[in-house]
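Here is the structure we will look at, set down as C-alpha cells.
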Protein chains: 2
Amino acid sequence: MTRPADPITNPPVTSDSIAQALSVAIHEHRIAPGTKLGEDELSEIYGVSRTVVRASLQTLSHIRLVDIRRNKGASVASPSTTEAHEVFEARELLEPRTARSAARRSTPADILKLERHIHDEHAALDANDSGRALYLSGLFHTEIARIAGQATIAGFIETLVARSSLIIALYWRRESALCEKHAHHALVQALADQNEQQAEELMRSHLVDLHSALDLRERNERTLSLKDALSS
Amino acid sequence: MTRPADPITNPPVTSDSIAQALSVAIHEHRIAPGTKLGEDELSEIYGVSRTVVRASLQTLSHIRLVDIRRNKGASVASPSTTEAHEVFEARELLEPRTARSAARRSTPADILKLERHIHDEHAALDANDSGRALYLSGLFHTEIARIAGQATIAGFIETLVARSSLIIALYWRRESALCEKHAHHALVQALADQNEQQAEELMRSHLVDLHSALDLRERNERTLSLKDALSS
DNA sequence: GAAACTTCTTTTGTATACAATTTTGTGTCC
DNA sequence: GGACACAAAATTGTATACAAAAGAAGTTTC
C-alpha cells in the first residue's frame, strides 16, 4: 500500500516535508494554537505511517511549535504571556546585532531577494491573505539572519520567529494594524546602504513596535480565558 | 522481554534518559566527535528497541550534538572551524547580557548553588577527571542563564555549551591550561554583589579567553587531517 | 594489480502489531 | 440530577517484521 513514488508528480513524503507543511500551516494561522494533532489523523492525511508522523511532530516540538506531553499526544503550542515576553526579549537581543552584521555583508543579490520578499508580502496583503503575509514577514527576518552569515544564530531566530507567529495569533491587538511594510522597506534600504548603525537601530525599533502591539496583560497564563469566555 | 520496571532499582529507560546519558558522555569526552552511533548497538546497551533509540538520537541531532544523515545513520557531531567560531560568537553575544540579568536577579540560594558547582569542578579536577570538570563547567554556564530567568535564551545557551564541548574536544590547544577556576569564582562574586556591569564584563572576557584558547586555523574543514596523519 | 561488476552482509527506513494509558460513555447508587 | 465506579473506545508508546539502502567481500575482466 506504499505509494509508487513517482518523483515527478509525487515528491516523496518524508518526515521533514510533513514538518515543513505543518510549520507553514501554523505560521499562516490555518491551524490555531492548542489544536490537537492526532497521529492517526496526520498519517491518514499524508499517507504515511505513524512512525513518520511521530518523527515530524518531534521535530516541531524541538522548535517549540508543538507541545508533546507523554501519553497525551501533540498539539500546537500555546505560549503563555511570560513566554511571549521572553521570545521578544530574545529577539531584541539577537536581531539588531544580526541586522548590523547583515548590513556589513549584504550583496546586491541579497538585497534583490529581500525586495522580492517584500513584494510578495504586499501581494499577499492585497489578496487579503494576512496569514501568508505573516509567514512571509517571518521569512524576511530569518533571511536577514542568513545574510549575516551566522547560521547558528539564524537557527535561533528561526525558532523565535516561529514562536512569534503563535504569539501573534494569541495576543495580537486588533486595534494596531500590522504595518510592517514601511519598517521592512526601510531596513532593506539600510542594508543596501551598508549602514550598520541604522540597520541595527531600525531592527530594534521594529521589534519593540511588534512587542508593544501585543496585549500581554497577565491573564493567569491564559487558563482563565475559557472561563472568561463562558461567563457572559 | 520488556523490563519489569521496578521504579526503585530500575529507573525507567525513556528516550529522554538515553539522550541525557549520551549527552553527558559526549560532554565528558568519553565519546569522541565523529563516533558512529549505531541503532542496534545502542538498543542493545540500553535494553530498548530501536524505536526508542531513534527518538533519542533525533533529540540529540536537534541540539546538534549528533549528526544524522539519511541512510547513513547517526554519529557524534564534529563541528568545523567555521561552526566553532559561530558558536563562540553566539555565546559572546548572548551570555554577557544574560550574566547581567543574572546579577540583577540572583538570590542567596542561587549563589550557594553556583558555589557548590565550583566546588564540584575543583573536586573533579583534583581527581584528574577533566572530562567531568568540563561537563560541570558547562552546567555552570547554563545555570547562570537559568538564574537570569530567560528560559528561552537559557535553552539556546544550553545547546551552545553542548557544542562547545565538541569544539573543545577537537580544537583545544594543549599549551593553554583550562583555568576556569578563577574566572568562575570571580563571576559568582560579581553575581553575589549584584554588580551587573562587572558580571557582564567578566563573562565577556571569560568567553573571549576560551575562544582564543582554541586552535581554529583553517585546515580545510578538518578533512585533510587524515591525509596529514598518514603522510609520515 | 586495479577498476568494475556481483553477491552477501550489515544497517537504516517504514509499516504494522500489540501493550499501556487516557478519554469517553454508561449504569448505578444516593 | 450529580458523584462515583466500571466498561468500552480511542490514542499513544514500544517492539518487531520487513523493505530499501549502503558497505564489504569476493570475482571477473582488462
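Each chain gets a letter, A, B and so on, in the order its sequence line appears, and its residues count up from 1. What you see below is based on every heavy atom in this structure, not just the backbone, and it leaves out hydrogens, waters and symmetry mates.
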Which residues pass the salt bridge (Lys or Arg N to Asp or Glu O under 4.0 Å) test with B:R64, not counting sequence neighbours?
B:E83

My understanding is that only residues two or more places apart in sequence, or in another chain, count here; which of them pass ring-ring contact (aromatic ring centres under 6.0 Å, His included) with B:H27?
B:Y135

For A:H62, give me all partners under ring-ring contact (aromatic ring centres under 6.0 Å, His included), at least two apart in sequence or on another chain.
B:H62

Who are the ring-ring contact (aromatic ring centres under 6.0 Å, His included) partners of B:H117, not counting sequence neighbours?
none

Do any side-chain nitrogens or oxygens of A:T51 fall under 4.0 Å of OP1 or OP2 in C:dT14?
no

A:S212: which residues meet the side-chain contact (heavy atoms from CB on, under 4.5 Å) condition with it, sequence neighbours left out?
none

Separation of C:dG13 atom P from A:D16 atom CG, nearest Å, is 11 Å

Contact list (N/O, under 3.5 angstrom) for nucleotides 8-12 of chain C vs protein:
unit_1	atom_1	unit_2	atom_2	d
C:dT12	OP1	B:K36	NZ	3.1
C:dT12	OP2	B:E39	N	3.3

What is the separation between atom CD on B:Q58 and atom P on C:dG13, rounded to the nearest whole Å?
10 Å

